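Chain A is the first sequence line, chain B the second, and so forth, proteins listed ahead of strands; every chain is numbered from 1. Quick caveat: nothing in here was measured; it's all calculated off a predicted structure.
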Amino acid sequence: MTPQELAQQIRIAVNGAISAGILNLEIADVPDEIVVERPKNLDHGDWATNIAMQIGKKAGLNPRAAAEILQPILEQLPGVEAIEIAGPGFINIRLSAASQGELARDIIAKGASFGRGTQLVGKKINVEFISANPTGPLHLGHTRWAAVGDAIARVLEAEGAQTAREFYINDLGVQMDKFGASVKAAAIGETIPEDGYHGAYIPDLAKEIVSASPEIINLPEPERSDAFRDAAYALQLADQKRVLENFNTHFDVWYSERSLHTSGAVDRAFEKLKSEGHMFVEDGATWLRTSDFDDDKDRVLIKADGALTYFASDTAYYVDKRNRGFDLCIYLLGADHHGYVNRLRALASCAGDNPDDHLQILVGQMVKMLKNGEEVRLSKRAGNIITLEDLVDEVGVDAARYSLIRYPVDSPLVLDLDLLVSSTNDNPVYYVQYAHARIASVVRNAADLGLIPANTADWDPVTFNPSLLTDEREGALLGLLADYPRVVASAAELREPHRIARYVEEVASSYHTFYAACRVLPQGDEEVTELNISRLWLCAATRQVIANGLDLLGVSAPERM
RNA sequence: GCCCGCGUAGCUCAGUGGAUAGAGCGUCUGCCUCCGGAGCAGAAGGUCGAAGGUCCGAUUCCUUCCGCGGGCACCA
């Protein structure tokens, strides 16, 4: 029995008590969501609900009295072994081993789909992240968004959403020109401009461009500068794509800022804004009256000299996303861009949307890196950046992704490179993966001994007897597994994939505890019992949940390590 | 000055109003002739930055203050 099923049963019981006049309440007074949670202390029971405390006041009862009214009704529920009232009015529920253990069968039947939900079915969601300038390698900060953004999309998909992962390429403007000028300078042996890019990759790019097309050197200006800029851009973008694919982060859409201008998207957006009545001209410039909607000041779209601002691109881009049919546009921004939040929301309003419905901006804090106990200062200009690729080379894709997803993005993250690199065993990802590999090994051994087929799809349900799983550690593990769908749902709702990581660590821990205490396979020439087989079902169910959880993080679940 | 985020064990961090505030690392003590010891069991370690407020109940929500980080362009 899952907590959702239990909550449903409780609702029926409460409504029944109201209809029967035992509780002096209206059906409408029952909360929309009945909370059924794992108590922190499992001595309290398998599940707990605070429903009595929620309805007590409205029913004119103290919470304990309300709980006492519900107790005999809940005790009659199928699969419920005991109901206890505790503390201020908690109702603690203990399930029978058989009822609780049924879950293992359910998990194995559902396989990879166990834990998936439906709260976002029919929703089309655009998840935009990283969106780095194509003027250099992706660095540590980008890496956090790469891991987290992809995991958010995975979690949304697990709840039924149709998503697009999107990378907005800032391929227009002075940064691109500076980048091109830097590469050109390196190619023709001039000093790179002070305000240019000074990373070691610049001369490499120059060399690659010149050797691919030597005649570029002899082009007249300004064609030569443009040619260097565009060639360097193409190489750098290709490099970013390659690195991200290696990082297990696949973008569905690479959206060029330039294309907004050539495709007419800007014009369409301006039409829209004009029709909504928020554009105006002043001092020779064209403005958007974002201050109508909580922005500090109005923003320029077209400068007095006729050039479009970056904000004009932002505006066109948002309107274009909505035109492409996305119900919700999620932006992942670094803390250094949090000043954009109000103006993005305001522009959504100017475009006639309610930003609370169609726009969500997640602001993530910075990543710091410690090396030898000292903070590594990151500067792309100085060229001492830690790149996404460096990190992956050092610790591998799984450990890198996991370490970055494990923490909520709204808190600053300090990664100790020495710890991550030198003693990778301390990384929790190995703890979780180890549990998975360990279970895989047990199941392999069981199959080798002829206890059970190698593939769980071939397991005969008759061989599973959940009523034998009476050890407290078995109960603890089963209860935790039952909680998985709820964890996925809340990770999706809150856009917080780190919850999956934390949960999966708990599962691994609970499994190791079970494993140390409960012998799964028969020893020596002991006879094979129903208990051996039933525990194998529990093992396989645990393996499935760990694999499903790791998959939502884009981390592999190895059969062997 | 204004705006956003953060402040929890020595360190790095969980904990979207509930019961005795948790985990990893580090320190200390036990546990492999048997399914993977990359593991398990246990000990020590806390004024949840401070003060008010709301609530049956606050680490969590609100206000003020202190500390840290980031941001406030007709730049991109």
Going by ring centres under 5.5 Å and near-parallel planes (under 30°), is [X] stacked on [N]?
| X | N | result |
| --- | --- | --- |
| F90(A) | A19(B) | yes |
| H337(A) | G71(B) | no |
| Y515(A) | C35(B) | yes |

Distance check, [atom1] atoms only: [N] and [M], in whole angstrom units.
| N | M | atom1 | result |
| --- | --- | --- | --- |
| U63(B) | A58(B) | C1' | 15 Å |
| G24(B) | C61(B) | C1' | 30 Å |
| U27(B) | C65(B) | C1' | 37 Å |
| G69(B) | G49(B) | C1' | 16 Å |
| C48(B) | C13(B) | C1' | 13 Å |
| U60(B) | U54(B) | C1' | 13 Å |
| A51(B) | G67(B) | C1' | 15 Å |
| A73(B) | A21(B) | C1' | 46 Å |

Using the side chain to side chain donor-acceptor pair (under 3.5 Å) criterion, which residues pair with [X]? Sequence neighbours excluded.
| X | result |
| --- | --- |
| Y233(A) | D171(A) |
| Q54(A) | none |
| S411(A) | none |
| T143(A) | none |

Check for a donor-acceptor pair, side chain of [X] on one end and backbone N or O of [Y] on the other, with a separation under 3.5 Å.
| X | Y | answer |
| --- | --- | --- |
| R401(A) | L553(A) | yes |
| S556(A) | P558(A) | no |
| N427(A) | Y430(A) | no |
| Q119(A) | A489(A) | yes |
| R38(A) | G45(A) | no |

Could you go step by step and tell me if D410(A) and V363(A) meet the side chain to side chain contact (heavy atoms under 4.5 Å, CB included) rule?
-> CA-CA 7 Å; D410(A) 53 8; V363(A) 175; over 6 Å; no
When you measure from the side chain of [X], which nucleotide among [options] comes out closest?
| X | options | value |
| --- | --- | --- |
| N445(A) | G37(B), C35(B), G15(B) | C35(B) |
| H498(A) | A19(B), G36(B), A14(B) | A14(B) |
| A335(A) | G39(B), G70(B), C35(B) | G70(B) |

Pairs: protein N or O with nucleotides 3-10 of chain B N or O, under 3.5 Å:
residue	atom	partner	partner atom	Å
C3(B)	O2	H338(A)	NE2	3.2
G5(B)	O2'	Q365(A)	NE2	3.4
G5(B)	O2'	D410(A)	O	2.6

Test V555(A) against Q433(A) for side chain to side chain contact (heavy atoms under 4.5 Å, CB included), laying out the working first.
-> CA-CA 9 Å; V555(A) 172; Q433(A) 289 184 319; 3.7 Å; yes
Distance test, side-chain N/O of R444(A) to OP1/OP2 of G36(B), below 4.0 Å =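 So the side chain of R444(A) is outside the cut-off, no N or O lying under 4.0 Å from OP1 or OP2 of G36(B).
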Hey, is the side chain of Y511(A) poking within less than 4.0 Å of OP1 or OP2 on G36(B), counting only N and O atoms?
->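 Indeed not, no polar side-chain atom of Y511(A) lies that close.
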The single option from D356(A), D314(A), D292(A) passing salt bridge (charged side-chain N to carboxylate O under 4.0 Å, His left out) against R345(A) |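 Per the salt bridge (charged side-chain N to carboxylate O under 4.0 Å, His left out) rule, the option paired with R345(A) is D356(A), out of D356(A), D314(A), D292(A).
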Distance-only donor-acceptor test, D43(A) side-chain atoms vs A19(B) base atoms, 3.5 Å |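 Checked by distance alone, the answer is no.
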Using a cut-off of 4.0 Å on non-hydrogen atoms, how would the nucleic acid contact of [X] be classed: base, sugar-phosphate, or nothing?
| X | result |
| --- | --- |
| L413(A) | sugar-phosphate |
| P522(A) | nothing |
| D314(A) | nothing |
| L172(A) | sugar-phosphate |
| C518(A) | base |

Indicate the ring-plane relationship of Y255(A) and Y168(A), choosing parallel, tilted or perpendicular according to the 30° and 60° boundaries.
->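 Plane angle between 30° and 60°, so tilted.
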Inspect the surroundings of CG in D177(A) and state if more than 12 heavy atoms from other residues, nucleotides or ligands are less than 6.0 Å away.
->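 Counting neighbours around CG of D177(A), more than 12 heavy atoms of other residues, nucleotides or ligands fall under 6.0 Å, so yes.
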Not counting sequence neighbours, list each pair that qualifies as a salt bridge (Lys or Arg N to Asp or Glu O under 4.0 Å) and has a residue in residues 511-532 of chain A.
->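 Those involving residues 511-532 of chain A do not exist here.
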Considering only nitrogen or oxygen atoms on both sides, find all protein atoms under 3.5 Å from nucleotides 72-74 of chain B and state each distance.
residue	atom	partner	partner atom	Å
A73(B)	O5'	K297(A)	NZ	3.3
C74(B)	O2	A304(A)	N	2.9
C74(B)	N4	D283(A)	O	3.3

Counting only pairs under 3.5 Å, give me each side-chain donor-acceptor contact of residues 509-517 of chain A, with atom names and distances, residues two or more places apart or in other chains.
residue	atom	partner	partner atom	Å
H512(A)	ND1	R438(A)	NH1	2.8
T513(A)	OG1	S509(A)	O	3.0

N/O contacts under 3.5 Å, protein versus nucleotides 56-60 of chain B?
residue	atom	partner	partner atom	Å
C56(B)	OP1	K57(A)	NZ	2.6

Report the glycosidic orientation of C32(B): syn if within 90° of 0, anti in every other case.
->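 Nucleotide C32(B) adopts syn.
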Return the set of residues passing side chain to side chain contact (heavy atoms under 4.5 Å, CB included) with V504(A) (not counting sequence neighbours), or none when no residue passes.
->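 Y402(A), V432(A), L550(A).
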Whole angstrom value for the distance that separates P of U12(B) from CD1 of I405(A) |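 After rounding, the reported distance stands at 22 Å.
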Figure out the CG/P separation between D471(A) and C40(B), and round it to whole Å.
->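 Answer to the nearest Å: 16 Å.
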Starting at the 5' end of RNA chain B, write a dot or bracket for each base, bracketing those in Watson-Crick or G-U wobble pairs whose two distances are under 3.5 Å and using | for partners on another strand.
-> (((((((..((((....[...)))).(((((.......))))).....(((((..]....))))))))))))....
Could you go step by step and tell me if H436(A) and I439(A) meet the side chain to side chain contact (heavy atoms under 4.5 Å, CB included) rule?
-> CA-CA 5 Å; H436(A) 185 271; I439(A) 299 170; 5.9 Å; no
Given RNA chain B, 5'-ward residue of the pair L308(A) and R519(A), judged by closest heavy atom |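 The residue mapped nearer the 5' terminus is R519(A).
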Identify, between E37(A) and A508(A), the residue whose nearest nucleotide on RNA chain B lies closer to the 5' end.
->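 Of the two residues, E37(A) wins.
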Contacts to RNA chain B from residues 486-493 of chain A, heavy-atom cutoff under 4.0 Å, which residues?
->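 Heavy-atom contacts with RNA chain B come from S490(A).
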Among Q365(A), R144(A), M366(A), whose side-chain contact (heavy atoms from CB on, under 4.5 Å) with L413(A) holds?
->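 It is R144(A); the other options fail the test.
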